[in-house]
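Structure, as structure tokens:
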Amino acid sequence: MLTNAIAAGAVSEFAADVRAGLTKEGQKELPSKYLYDAVGSKLFEVISELPEYGLTRADERLLRAHAQEIVQQIAGDVVLCELGSGNGSKTRWILEALSRRRHTYYYPIEISPSALRTCERELADIDSVGIVGLEREYLDGLLEVAARRRLGQRILVLFLGSTIGNFSHPADANFLREIRLILQPGDSLLLGSDLEKPIRQLLDAYDDPLGVTAAFNLNLLARINRELDGDFPLAQFEHRVRFNSETRSVEMHLRSRQPQTVKIRKVRLSVRFKEGETIWTENSHKYSPPEVVRMAEGAGFRCVAQWIDWEWQFAESLLMAI
Ligand code: AVJ
């Protein structure tokens with residue numbers, strides 16, 4: 001009964017966001033969090049392996065190289081939680097470094113149940129670790145972890161993979177501020193942020209020749225057809241990527257190849273598309289290293305260390321709540 005209610009809740013929130021995004025004046029849009037159903041999560045794992053998309057490998061290189069230094073900065077009994085853990089493959093280095101010190105609880109917070117299951121399985125072999133998966137929105141999950149904190153425990157929050165870049169500005173700074181409000185002085189946040197790099201390199205990373213990112217993007221329409229009884233003709237929409245130099249972000253869009261009307265029966269919606277009209281599905285902002293530090297300081301953190309991967313230009317910033 002409860003699972004039906006929760007599932008119904010998730011579907012209705014999805015339905016409401018689809019209705020709002022596709023009936024909006026001007027630029028139609030869909031929140032990028034809906035890219036991550038079971039199919040989307042798997043497609044993102046494939047994207048992370050693509051030669052053109054070096055972000056995940058850069059993140060992993062920094063975590064593997066600096067895990068010991070990172071945990072040395074945080075004394076005492078540490079609770080680890082992660083916003084958007086995905087399959088957890090990058091978290092291993094930090095978790096092993098912490099659990100070598102003492103038994104550690106790890107709370108992966110993830111809205112994709114399939115990714116959460118993979119994460120729990122992926123990290124189950126590490127000794128002296130208790131994994132408690134939370135299928136929640138980021139801040140709801142963080143509130144739960146904070147509520148379970150025992151006296152004297154410090155919280156280390158991982159927000160990796162430059163998911164922060166999916167928030168347009170200033171929503172990214174506001175999100176850091178909301179995290180800070182839940183934490184206590186002495187807690188910390190490890191933030192992964194992709195950095196500015198040649199536009200050609202970015203466009204290749206988000207529009208790979210194999211078409212995996214195109215499938216990842218189009219899957220959002222397939223998901224509406226599956227879950228909301230839509231009749232999006234996938235072949236009549238195409239994946240488009242552009243670099244917005246004003247916001248210094250890569251934007252993913254789905255472009256209508258012709259004038260057409262799409263029905264989404266579960267939302268009793270009929271949406272008209274002009275030829276060439278797009279749905280904006282994701283924003284990926286590219287930062288400069290000092291910009292990340294400024295944003296963190298504005299949200300109530302002090303940057304105690306920042307490591308940069310120059311092969312792909314990616315930054316890992318350790319931020320202490322002050
Ligand atoms: C997982 C959100 C960081 O924005 O680079 C990959 C998702 N989108 N290819 C990103 C993504 C297109 C990725 N993040």
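Just so it is clear, the structure is predicted and the values come from calculations on it, not from any experiment. In each ligand, atom 1 is the first atom listed, and ligand 1 is the first ligand listed.
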May I have a table of the N/O to N/O pairs between ligand 1 and the protein that fall below 3.5 Å, each row giving the two atom names and the distance to 0.1 Å?
unit_1   : atom_1 : unit_2 : atom_2 : d
ligand 1 : 4 (O)  : Asn166 : ND2    : 3.3
ligand 1 : 4 (O)  : Ser284 : OG     : 2.9
ligand 1 : 5 (O)  : Tyr53  : OH     : 2.7
ligand 1 : 5 (O)  : Tyr206 : OH     : 2.6
ligand 1 : 8 (N)  : Glu282 : OE1    : 2.8
ligand 1 : 8 (N)  : Glu282 : OE2    : 3.2

**Request:** Give the intermediate values and the outcome of salt bridge (charged side-chain N to carboxylate O under 4.0 Å, His left out) for residues Glu297 and Arg294.
**Result:** CA-CA 5 Å; Glu297 287 170 351; Arg294 274 197 310 277; over 6 Å; no

Throw together a table of side-chain donor-acceptor distances under 3.5 angstrom for residues 202-215, partners on residues two or more places apart or in other chains.
unit_1 : atom_1 : unit_2 : atom_2 : d
Asp204 : OD1    : Arg200 : NE     : 3.2
Asp204 : OD1    : Arg200 : NH2    : 3.0
Tyr206 : OH     : Ser284 : OG     : 3.2
Tyr206 : OH     : Lys286 : NZ     : 2.7
Asp208 : OD1    : Thr213 : N      : 2.8
Asp208 : OD1    : Thr213 : OG1    : 2.5
Asp208 : OD2    : Leu210 : N      : 3.3
Asp208 : OD2    : Gly211 : N      : 2.8
Asp208 : OD2    : Val212 : N      : 2.9

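- In this structure, His169 has no ring pair (Phe, Tyr, Trp, His ring centres under 6.0 Å) partners at least two apart in sequence or on a different chain.
- Ser256 meets the side-chain contact (heavy atoms from CB on, under 4.5 Å) test with Phe237, Gln260, Phe273; sequence neighbours excluded.
- Within a 6.0 Å sphere centred on CZ of Arg272, heavy atoms belonging to other residues, nucleotides or ligands number 12 at most.
- Under a cutoff of 6.0 Å and an axis angle of 45°, Arg223 and Phe14 form a cation-pi pair.
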